Each structure stands twice: as structure tokens, then as C-alpha cells.
Amino acid sequence: MTSNELDKMIWQTVASIPFGKVMTYGQIALSCGYPGYARYVGTVLKKLPADTELPWHRVINAQGRSSFPEGSDKYQDQLQRLRAEAIVINNGKIALSIYQHQ
DNA sequence: GGGTTGACAAATG
DNA sequence: CCATTTGCCAACC
């Protein structure tokens, strides 16, 4: 039962990230009340359909980088989506001090 | 039901 | 900054 409920919480949290801001996997897990579930947040996002409205691109890892292999289509896609939100990316890195939500 | 995998993270050298 | 190690936990085979 917990699994499906947590999934919803994660979706809600991701949906709550405002335009031009980002959150890390661990931060999302924590704000859902599930510290240590950073990896699970990743597995949940992976299950999303390609045409989802959820702003999954606003979710990055603790290093301020995309978690996709550099150069992959998903990687390029995520970075383009972020740039479209006026987010500046330097050498694949996003300044969490500026763009991290909360 | 044990071993592997992965859209993670923090510590260490 | 980069590489490795360790901890973590659900999904998958």
C-alpha cells in the first residue's frame, strides 16, 4: 500500500516544482517523508510515460547534473528543457545555490 | 528468494 | 575535480 501512496507523493512533489527551479532526488524523497529513498524517486520517474505532463526535467542529482549519460538523447532533452526555463548550465552543471527550490 | 541493477548520495583519498 | 567505496532500497530476473 505504501508504494502506491509514495508514488503519488513523489508525483505531487515533482509537479510542485515551480518554473525555473529544480530539486534533487534526495530532496524530493526527504520532503515526502522518506529519507534514503533517493534511488526510488529515480525508479518512479523512469516509469513515467514519454508524453507525461510532469516536469521530470526539473529533477537532477545532488551534484547539480543530469543523471542521464552525457550525450544521450534524454540528457540533451533535459538540458534543453531547463535552458527553456532560463536556467543557465555550465559544463553540464546547474548551480543549486541559485536554482534549487526551497 | 538470493543476486543484480539503477534517472541516488555522502564520504574518502 | 575525479575515482572509488559504502550505504541505501525497490524493481527485476
Side-chain angles (χ1 to χ4, degrees):
Chain A
M1 299 307 176
T2 313
S3 172
N4 197 355
E5 292 300 316
L6 178 56
D7 283 11
K8 290 182 184 176
M9 294 179 69
I10 292 175
W11 295 334
Q12 287 181 344
T13 304
V14 173
S16 77
I17 307 174
F19 183 98
K21 291 290 182 178
V22 299
M23 278 209 246
T24 68
Y25 296 91
Q27 186 187 4
I28 291 171
L30 185 63
S31 68
C32 284
Y34 285 80
Y37 276 63
R39 289 193 97 122
Y40 187 68
V41 173
T43 44
V44 169
L45 294 187
K46 186 167 189 171
K47 291 187 293 186
L48 293 173
D51 59 6
T52 182
E53 290 299 319
L54 218 63
W56 55 267
H57 57 279
R58 294 177 187 154
V59 184
I60 60 181
N61 62 33
Q63 302 168 32
R65 310 174 116 292
S66 166
S67 285
F68 292 113
E70 194 173 333
S72 67
D73 290 344
K74 295 279 197 62
Y75 177 86
Q76 306 276 10
D77 186 25
Q78 182 169 27
L79 265 56
Q80 180 181 341
R81 285 167 180 264
L82 292 175
R83 292 195 198 95
E85 301 194 358
I87 293 178
V88 178
I89 304 172
N90 298 318
N91 296 323
K93 288 184 299 186
I94 298 163
L96 291 175
S97 58
I98 301 176
Y99 304 107
Q100 186 169 36
H101 182 43
Q102 287 176 0

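Everything quoted here is computed from the prediction, not taken from an experiment. Below, read A as the first sequence line, B as the second, and so on, with proteins coming before strands; counting in each chain starts at 1.
- A/His101 is not listed as a side-chain neighbour of A/Arg58, based on a closest heavy-atom distance of 4.5 Å or more.
- For the pair A/Ile60 and A/Leu96, the minimum side-chain heavy-atom distance is below 4.5 Å.
- Annotation: side chain of A/Tyr40 is in contact with side chain of A/Ile10 (closest heavy-atom distance under 4.5 Å).
- Distance, A/His57 NE2 to B/dA7 C1': 14 Å, rounded to whole Å.
- Across the protein-nucleic acid pair, A/Arg65 atom CZ and B/dA7 atom C1' stand 14 Å apart, rounded to whole Å.
- Among residues two or more places apart in sequence or in another chain, the ring-ring contact (aromatic ring centres under 6.0 Å, His included) test is passed with A/Tyr37 by A/Tyr34.
- Within the 4.5 Å cutoff, the side chain of A/Gln78 has no heavy atoms near those of the A/Arg81 side chain.
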Could I get a table of every N or O pair under 3.5 Å where one atom is in the protein and the other is in nucleotides 3-12 of chain C?
residue	atom	partner	partner atom	Å
C/dA10	OP1	A/Tyr37	OH	2.7

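- Two residues are said to be in side-chain contact when any heavy atoms from C-beta on lie closer than 4.5 Å; A/Phe19 and A/Ile87 fail this criterion.
- When rounded to the nearest whole Å, the span between CE of A/Met23 and C1' of B/dC8 equals 16 Å.
- At a non-hydrogen distance threshold of 4.0 Å, nothing from residues 73-102 of chain A comes into contact with DNA chain B.
- Look at NZ on A/Lys46: it is 3 Å from P on B/dA7, rounded to the nearest Å.
- Atoms CG (A/Asn61) and C1' (B/dA9) sit 9 Å apart, rounded to a whole Å.
- Residues A/Val14 and A/Val41 fail the side-chain proximity criterion, which asks for heavy atoms closer than 4.5 Å.
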